[in-house]
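Take a look at the structure below.
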2 protein chains.
Amino acid sequence: MYQLARGMPECKRLHIAAGVVTSGHQRADGDAVKRGSSTKTAKLADVARLSRVSTATVSRALTLPHKVKPATAARVNQAVETLGYVAHGAARALASRRTRTIGAVIPTLDNAIYAKTVQALQRTLEQAGYMLLVASHEFDAAVEVRVTRTLIERGVGALILLGTTHDHGLLRMLAAHQVPYVLIWSLDASGRLPCVGFDSRAAGERIARHLLELGHRDIAMISGITAGNERASERQQGVRAALAGRGLALPRERVVEKPYTLQAGREGVRELLAAGPAPSAVICGNDVLAIGALSECRERGIAVPGQVSITGFDDMEIAAVVTPALTTLRFPAEDLGALAAQHLLARLAGREVEMRTELPVELVVRESTAPPSK
Amino acid sequence: MYQLARGMPECKRLHIAAGVVTSGHQRADGDAVKRGSSTKTAKLADVARLSRVSTATVSRALTLPHKVKPATAARVNQAVETLGYVAHGAARALASRRTRTIGAVIPTLDNAIYAKTVQALQRTLEQAGYMLLVASHEFDAAVEVRVTRTLIERGVGALILLGTTHDHGLLRMLAAHQVPYVLIWSLDASGRLPCVGFDSRAAGERIARHLLELGHRDIAMISGITAGNERASERQQGVRAALAGRGLALPRERVVEKPYTLQAGREGVRELLAAGPAPSAVICGNDVLAIGALSECRERGIAVPGQVSITGFDDMEIAAVVTPALTTLRFPAEDLGALAAQHLLARLAGREVEMRTELPVELVVRESTAPPSK
DNA sequence: TTGTAAGCGTTATCAC
DNA sequence: GTGATAACGCTTACAA
C-alpha cells in the first residue's frame, strides 16, 4: 500500500514496526467526540433570530462592529457564541466579491528554500488578515497553468508566482481576470513585470569572481536543471560571464546539469572526474548539490579544500556546520517572502509600490581555499 | 524595511548588491500585459448565451460532460474557450455545498519534515481533484484554534491535524460542524480518534536500546521542546523506558530541551558538558539538533564517534552524507502524507477505513559506535 | 437531452 | 442604528 524503504544502499538498516494497523474496520468518524446539540450548522438567520435583530445587523455586528450599538453587538456575539456560529465563507465571498485570499504558485515545498519563502509569505499575510492558498507544480509548466487557473477559480485576490519564466497564456489569464500578481525570486529582465527577487546572474558572477580572485583557473560547475528555470540558467550565465572576463570558458566537459538532490551532487562529481582531470574548484547550483559533491569528494579521498574547492548557492546553514570548505551565496528567503507579501498588500490597499525590488545576496566565506600551486 | 544579515558571527561575510530598488513609483499593475477584450469577467450566463443553451446545460457540460450531447458539449467548450471563462468558486461552493477542499493544520513549513508531509498530502489530494488549504500555527495552541476556525469557515470538507495534542474546543468544533478529520504523525493513545502516524514512544525505546546493545551506559539526551508536542515527549519517554529496562535513568543533568535548530544542538552539547563529564552517547530529538551537536563536538575536539556517539530521530539524508558517526531513526514523511490523504479520501467517498494506522520507522545505522572501553 | 426556476448564506443598498 | 430585500453566480430538482 505504501513504500517502506527507498534506496540508501550504503547503510545497514534495521526495520522496526512492520506497518502495524489496528483492525476492526470501524467507520472512523467522530463518534469519539460528542456532537453539538443541533445537527444542522447555524447560519446568519439563526443568529439574527436568537438576538432579535435582522440579518443585516448581524452581518454588520460581525464585520463592522463600530456601526452598531454596543448593546446590540453584545447580544449578537452572545448568540454567535451559544450557537457556535461560523460564517459561510463561500456565501460571504459571493456576496462581498472578496475572499481575503492570496494564492502562491511554487515549484515544490520539498525544498527548504521554497518552503521558507512560503512560511514567510503565510506569516505576513495572516497578520494582515489574509489567507495564503499554496499550489505547487513540481516543475511542470502545464501543471502550473492548471493550478493557477484553480486558484483564480478559488477567487484569490492576488497571486504570487515563483520565477519569471511562465506560460504566456498564464499571464494573459491573470490580466483578463484582473488579478494583481508579483513574481518572486527572480527579477524580470524586461522591467515591465512587478517582481521582488534576487539578481541570479550577478550572484553567479560574484561567486565565480570570488574563486578567480583566490587564484582558481580550472573551475567546473554542477548546475541545476536550466530548462524552464531561469534561476538556474542565470546563475550559470553569471558564472560564464565572470570567467569570460578573465578569458576563461566553461567547456562542455566542465558542466553537468542535475536536479537538486544530494545523490545528483555525488553523480556530478563523478561525471566531472570521468570527463577529465579534477578541477581546482566546483561551483554547485545549490547547497544540496554542494553537500552531495563534498561527500563524494571525501569518499574518493579528495581532500577538500586541499585539492578541490566546493562552492554553492542558496542559504545553507547546514553547510556551515558540516564543513569549513564550503563558500555559499546566501539568498534570504524569509526576507523575500515578507517583502513580497508587503508588496502585494500595499497594492491591494491601493498604495504605490516599486515595480521591481532587488534583494541583496551575501557571500558567506567559510575558508579561503586557494588552488594548490602547480 | 527588511533585515539583511542575521547572526552567523563565525563567518566572514561580504555583501553584494545593497538592496537595490528601481525608482519611479509606478503603479505596478498589469499594464505590461494586454487586458482581455472585455473588462468584466465572463460568467456562466455569458457562456450559455454564446453557446445558445441554458445555464443548466453549461453547468452540466462542465461538471458532468457525459450527461450532455457531445455536440452541445463541444459548443459549450468552444464558448468557454473564447470567453476565457473561469468558474466562480464561491458561487459554485454555495450552490453545490461542496468545495473540494481539504485543510491541513501544521506547526510550520519551516521544517523539512512537515514541509515534506504537506507536499505529499498536496500531491495525493490534487490527483484526486481536491485542493489542500494549509495553515500553520508555529507551535501556538491559540493560533491553532483560530486558523482551524478559518479553515472551517472556508468550507473545507475535511481536516488534517498534525499531532494528537489539541485544544479540546477544537475537536468539539470539528464535531459540531461535522468536519471529518484525521490526526497525523502521532497515534492517539485513547484509540478513539482517527489517526495515521508513528509510534514515537517505541521509536525512542528502539533508538535507546540500540545504544544499550552497543554497550553504552552513560547516555544523555538533547530533546525537542516537550510542552504541547507529544512527538517530542513520547520520544523522550521511550528513551527513559528503555534505560529503565536496564536499571538506568536519565537524570536531570543528562537532559536538555531545545527547539529544533542547529544552534540549539550546539548549545545542548555545551550545556551537557557543563553539567558533568562527557556521556558516551547523545540522543538528539531530531536530525537538525543532531547535526548541530556533531558540529559542536568537532569544534571541541571531541572525536565522533571516538568518544561520543551521536544519534538522532527523523529522516536525515544530509546526515548520511555528512558523517559516518550518526545513527538515525527515519520517519518517512512522504508515505505518511500519501497515506493520510488516502485515508481521508476514502472516508469522503464513504468507504470504511482503519481508525488507526501505524507506519513503520526504520533505524539507519551508519556505523556501529561502541563506547570507548573504560 | 435540455430548459425553468428555486434556492445556497451572505453582503449591500436603500429606506426608515 | 436598524430592517427589508435585491443581488452575488452557480447547481439541481423538476418539467418538458
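Protein chains get the first letters and strands the later ones, always in sequence-line order, with residue 1 at the start of each.
Along DNA chain C, the nucleotide nearest to Ser54(B) and the one nearest to Leu94(B) differ in position, and the one closer to the 5' end is contacted by Ser54(B).
Looking at the side chain of Thr57(B), the nearest of the listed nucleotides dC8(D), dG3(C), dG1(D) is dG3(C). The side chain of Ala56(A) sits closest to dG3(D) out of dT11(C), dG3(D), dC8(C). Which of dG1(D), dC14(D), dT10(C) sits closest to the side chain of Arg60(B) comes down to dC14(D).
Look at CG on Leu44(A): it is 20 Å from P on dA7(D), rounded to the nearest Å.
Using cut-offs of 30° and 60° for the angle between ring planes, the Tyr114(A) and Trp185(A) rings count as perpendicular.
In this structure, Tyr85(B) does not reach the dG9(D) phosphate: none of its side-chain N or O atoms is under 4.0 Å from OP1 or OP2. Put simply, Arg92(A) has no side-chain N or O that comes within less than 4.0 Å of OP1 or OP2 on dG9(C). Here Thr55(B) does not reach the OP1 or OP2 of dG9(D): none of its side-chain N or O atoms lies under 4.0 Å away. One finds no side-chain N or O of Ser59(A) lying less than 4.0 angstrom from the OP1 or OP2 phosphate oxygen of dT10(C). Regarding contacts with the backbone of dG9(D), a side-chain N or O of Lys43(B) is found under 4.0 angstrom from either OP1 or OP2. The phosphate of dC8(C) has neither OP1 nor OP2 within less than 4.0 Å of any side-chain N or O from Ser96(B).
The side-chain contact (heavy atoms from CB on, under 4.5 Å) test with Tyr181(A) is passed by exactly one of Ile160(A), Ile102(A), Leu171(A): Leu171(A).
For dG9(D), its base never sits under 3.5 Å from the side chain of Arg97(A) at any donor and acceptor pair.
The NE2 atom of His166(A) lies 6.5 Å from the CD atom of Glu230(A); values are rounded to the nearest 0.5 Å.
Between Arg123(A) and Glu334(A), none of the side-chain N atoms (NZ, or NE/NH1/NH2) sits under 4.0 Å from a carboxylate O, so this pair counts as no salt bridge.
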